Amino acid sequence: MSAPFEERSGVVPCGTPWGQWYQTLEEVFIEVQVPPGTRPQDIQCGLQSRHVALSVGGREILKGKLFDSTIADEGTWTLEDRKMVRIVLTKTKRDAANCWTSLLESEYAADPWVQDQMQRKLTLERFQKENPGFDFSGAEISGNYTKGGPDFSNLEK
């Protein structure tokens with residue numbers, strides 16, 4: 001079980017006109033398809049705690065206020081194979097109850113089915129983190145998983 005949870009269980013992406021975004025308990029990933037042969041100097045990317053902006057070749061692709069806050073100093077972007085920009089943002093609130101329902105406050109919302117799948121995945125990831133000896137990557141969940149699932153913290157150990 002050395003691979004990260006999302007590698008073993010897959011991700012729940014939310015498709016957009018420019019690519020997709022998805023999340024884990026701790027991070028939000030943004031994958032933007034760019035023209036093949038794009039060079040790093042063609043990219044302008046601004047990452048702040050609550051804002052993101054991406055332009056490629058002078059054309060604005062993504063700009064706006066993020067759904068929730070991130071740690072600005074930990075945000076990164078990379079150009080992969082000269083055809084995709086991957087932006088990684090670290091969430092300020094890193095728990096299963098903090099499931100982003102959209103990337104920006106007013107754009108790129110996940111449809112209800114995708115939101116449900118994202119919440120299920122974050123709840124299973126939370127269970128994995130709380131129980132490192134078990135593998136929840138292939139588990140199914142039903143019942144109370146909204147807002148991170150049931151709270152067992154007050155139970156005696």
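On a predicted model such as this, the values are computed, not experimentally measured, just so you know.
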Determine the minimum heavy-atom distance between [X] and [Y], stating which atoms define it.
{"X": "I87", "Y": "C45", "answer": "CD1-SG, 3.9 Å"}
{"X": "A72", "Y": "L47", "answer": "CB-O, 4.5 Å"}
{"X": "V34", "Y": "T38", "answer": "CG2-OG1, 3.6 Å"}
{"X": "A109", "Y": "S102", "answer": "CA-CB, 3.3 Å"}

Cluster overlap [X] with [Y], hydrophobic side-chain contacts below 4.5 Å:
{"X": "V88", "Y": "M84", "answer": "no"}
{"X": "F67", "Y": "V52", "answer": "yes"}
{"X": "M118", "Y": "F127", "answer": "no"}
{"X": "V114", "Y": "L66", "answer": "yes"}
{"X": "V12", "Y": "L25", "answer": "no"}

How many angstroms lie between atom [atom1] of [X] and atom [atom2] of [Y], to the nearest 0.5 angstrom?
{"X": "Q115", "Y": "C99", "atom1": "CD", "atom2": "SG", "value": "7.5 Å"}
{"X": "L103", "Y": "W21", "atom1": "CG", "atom2": "CH2", "value": "6.0 Å"}
{"X": "N131", "Y": "R126", "atom1": "CG", "atom2": "CZ", "value": "9.0 Å"}

Under 3.5 Å side-chain donor-acceptor pair for K121 and Q23: no
Residues forming a side chain to side chain contact (heavy atoms under 4.5 Å, CB included) with E74, sequence neighbours excluded: I71, T90
Partners meeting salt bridge (charged side-chain N to carboxylate O under 4.0 Å, His left out) with K93 (sequence neighbours left out): D68
All side-chain hydrogen bond (donor to acceptor under 3.5 Å, both in side chains) counterparts of Q44, not counting sequence neighbours: none
Any donor-acceptor pair under 3.5 Å from D42 side chain to R39 backbone: yes
K91 (side chain) donor-acceptor with N98 (main chain) under 3.5 angstrom: yes
Listed once per pair and sorted, the salt bridge (charged side-chain N to carboxylate O under 4.0 Å, His left out) pairs that draw on residues 14-23, sequence neighbours left out: none
Pairs touching residues 76-88 that satisfy side-chain hydrogen bond (donor to acceptor under 3.5 Å, both in side chains), sequence neighbours left out: Y22-R86, E31-R86, T78-E80, E80-R86
side-chain hydrogen bond (donor to acceptor under 3.5 Å, both in side chains) partners of residues 46-64, not counting sequence neighbours, each pair once: R50-E105
Residue among E125, Q119, R120 satisfying side-chain contact (heavy atoms from CB on, under 4.5 Å) with T123: Q119
Centroid-centroid distance, Y108 to W18, less than 6.0 Å: yes
Evaluation steps, side-chain contact (heavy atoms from CB on, under 4.5 Å), between V85 and I30: CA-CA 8 Å; V85 174; I30 304 168; over 6 Å; no
Trace of the side-chain contact (heavy atoms from CB on, under 4.5 Å) decision for V11 with F29: CA-CA 10 Å; V11 297; F29 297 82; over 6 Å; no
Any side-chain heavy-atom pair of R94 and K129 under 4.5 Å: no
